[in-house]
Amino acid sequence: MSNAAFMANEAIFNLLLEKFISSNPNDFRGNKSIPEIGTEFVFELNGAPVTDLSAQANGGNISLRFDHVQLQVFDYQDGKRHSLQNTFTVHLLMTGHVLLNGQNVSLTGLSASASGTDRLDAKAAKMVNETIIPQFQQKVAQIQLPDFSKLVDMSFQLNAIEVNDHRLTVLAQIGNTKGDPNFNVSLPAEPAIIAAIGSSVINEFAAAQFPGASASVGDKSSSWGFGYEGHAEAGADQPHVEIVNGQAQGTLPVWVSAKGGIEVLGQWIERDISVSLNTPPLNIRLVNDSNAKSVFIKVYLDGNISVDFGLPDALEKAAEGILSFIQPIASAITDAINVGLDKINIKAFTLPSTIPGTNFAANLSFGWVGFSGNCVAATILINQ
Amino acid sequence: MTQWEQLLTTVINNVIGSLPKLIRNGFQSGSVDIPPYTNILLPDVVQYDTGQKSVLCPILYHPVDSTRLSLSNSRLNGMDTISAYGPVSFPIQDVSLSVPLILEDVVLEGNWTTYSQCQKGSASPIETIHSGSFVLHFTDIQFTVNIDLDPNAMTATSVNLKLTDVNQLWSNQPVFDATKDLTYDSRTSEGQKTVLAAVLNSEPIRKKYRESARKGIENNTLSDEMIKIINTLLAQLG
């Protein structure tokens, strides 16, 4: 059961891995010296890998192509590195699995192979498998992948992971409602994440946050044994909102009751007044905070409630006066509902100052925010 | 040249450059322990028929058969004067390489013994023995080391050292100076020394020296040790 989803493109993996490797250079380089033969090998895995998120021939679901693995050969004498004799650039392909490990997205089971045709690539792959990966397996496993919880200001449970079409999709559950997230938002080429929250989640939050609305109006006029009165009450509760085919819509059950009376020679005759309600639909709008680092979901009444009253014959003689007492119920309940709806403040998306879940500073911005399918979705761009 | 060939060239050049020291001192790295390649004992030459009835008999005796020669305790030194005199080439891309090498000064030393059957009148022949030592030099010996690699594991599987004599100096080796290169036992007369010097410097015997020296140069022990050294290096890459 999932009602939210996160989708990451390959570019963000490239960016993350580049940041991780460049900030932990010692974990991705090594040297071997053979003093007796005056030789020292120095190898270094650097540069940004090219990520491929798709099924791999060896059963993995991710490959990282490193085209800038450097192997240097130095003259080594008297326990010291001397002149550089040769530099080689080899091409490696690391394959592995991106999987859900508890509540974390992790990268495991890496193994290297040659991605180039030169035999040195194969030798380097062997070197990486035998030297770098065992040595740095723990570090590699610690490569911080996007932590999507930093993007959504709601607690959620990660349920499943899917890797296909060169993107990673993580399905999550927020709250208790059901509803498969369905959205159609394109990932840009640059590092980006799409976060999508199903409308069932918004509905659950809206219903929980709406305090209810009620209003009453009425008055009485009496003089010398003749008079009239009118009273009306209204209430609204349990809003329902949803997003269908990218369009937000919703309903709010509103009830209004009214009664009126006339006084003849000091005797009051009271009757119920029939009510005909016209309730506008609910709608959803998305609101930025002042620095555009968060997106809030607001629910609003898309218009004003109007009420038509049908007075019984017994009240016709004072119809004008009675109506003047009860007609304000429409605007009163509209106001009350608007006040109640304003209490609904769902903080949907928020942008951290780092690549989500990492310590790598980045400038995150919203590329696109809106409704798609049955979700409210945001494309979050990550710039270095 | 592929990158793999470039790497091999660098590695092999380092190995060749390190060989003089490794030959002198041996090589120890991890589980690989290679002893020095010096004072290499060569097979004895036993009673080789020189085909010459040399005048090496005592007074009043005359030779009745050709002189036989033994070379014993022959030892080779100077393999540490090795160096490359040309670039590494790859007869088969990536998996077979060849390096032209030269030995500047190889020293063959050992003991010689001559056996001459001498007869006095009609008496039974008796054997006259002369002995001494020799120290010979072979210079600028050109040979090639051919290295084959396992294409899968990319480790050296065979190393062959073969004398090539491109400079055509080998057939004139060793350069022989009887006054310096030979010693004689105390019983040897000056006349006999002259005869012995001629015997020991004769082409058949010089050929024997060359054969002995060739065995030391093309020795499988050296090939095996080079395999170990190269593989120790390549193993550092994984």
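Here is the naming used below: chain letters follow the sequence lines, and residue numbers restart at 1 for every chain.
By the 6.0 Å and 45° rule, A:Arg81 stacks over the aromatic ring of A:Phe74. Both tests hold for B:Lys208 against B:Tyr48: distance to the six-membered ring centre under 6.0 Å, angle to the ring axis within 45°.
Between B:Asp49 and B:Arg68, none of the side-chain N atoms (NZ, or NE/NH1/NH2) sits under 4.0 Å from a carboxylate O, so this pair counts as no salt bridge. With respect to the salt-bridge test (charged N to carboxylate O, under 4.0 angstrom), the residues B:Arg210 and B:Glu203 qualify.
Contacts between B:Leu7 and chain A at a heavy-atom distance below 4.5 Å involve backbone atoms as well as side-chain atoms. Both the backbone and the side chain of A:Phe88 come within less than 4.5 Å of a heavy atom in chain B. In this structure, the portion of B:Gln28 lying under 4.5 Å from any heavy atom of chain A is its backbone and not its side chain. Residue A:Gln72 does not touch chain B at all, counting heavy-atom pairs closer than 4.5 Å. For chain B, the nearby part of A:Ile34 is the side chain; its heavy atoms alone come within less than 4.5 Å. Contact annotation for B:Ile229: both backbone and side-chain heavy atoms come within less than 4.5 Å of a heavy atom of chain A.
Separation of atoms CD1 (B:Ile217) and CG (B:Leu76) is listed at 6.0 Å; rounding is to 0.5 Å.
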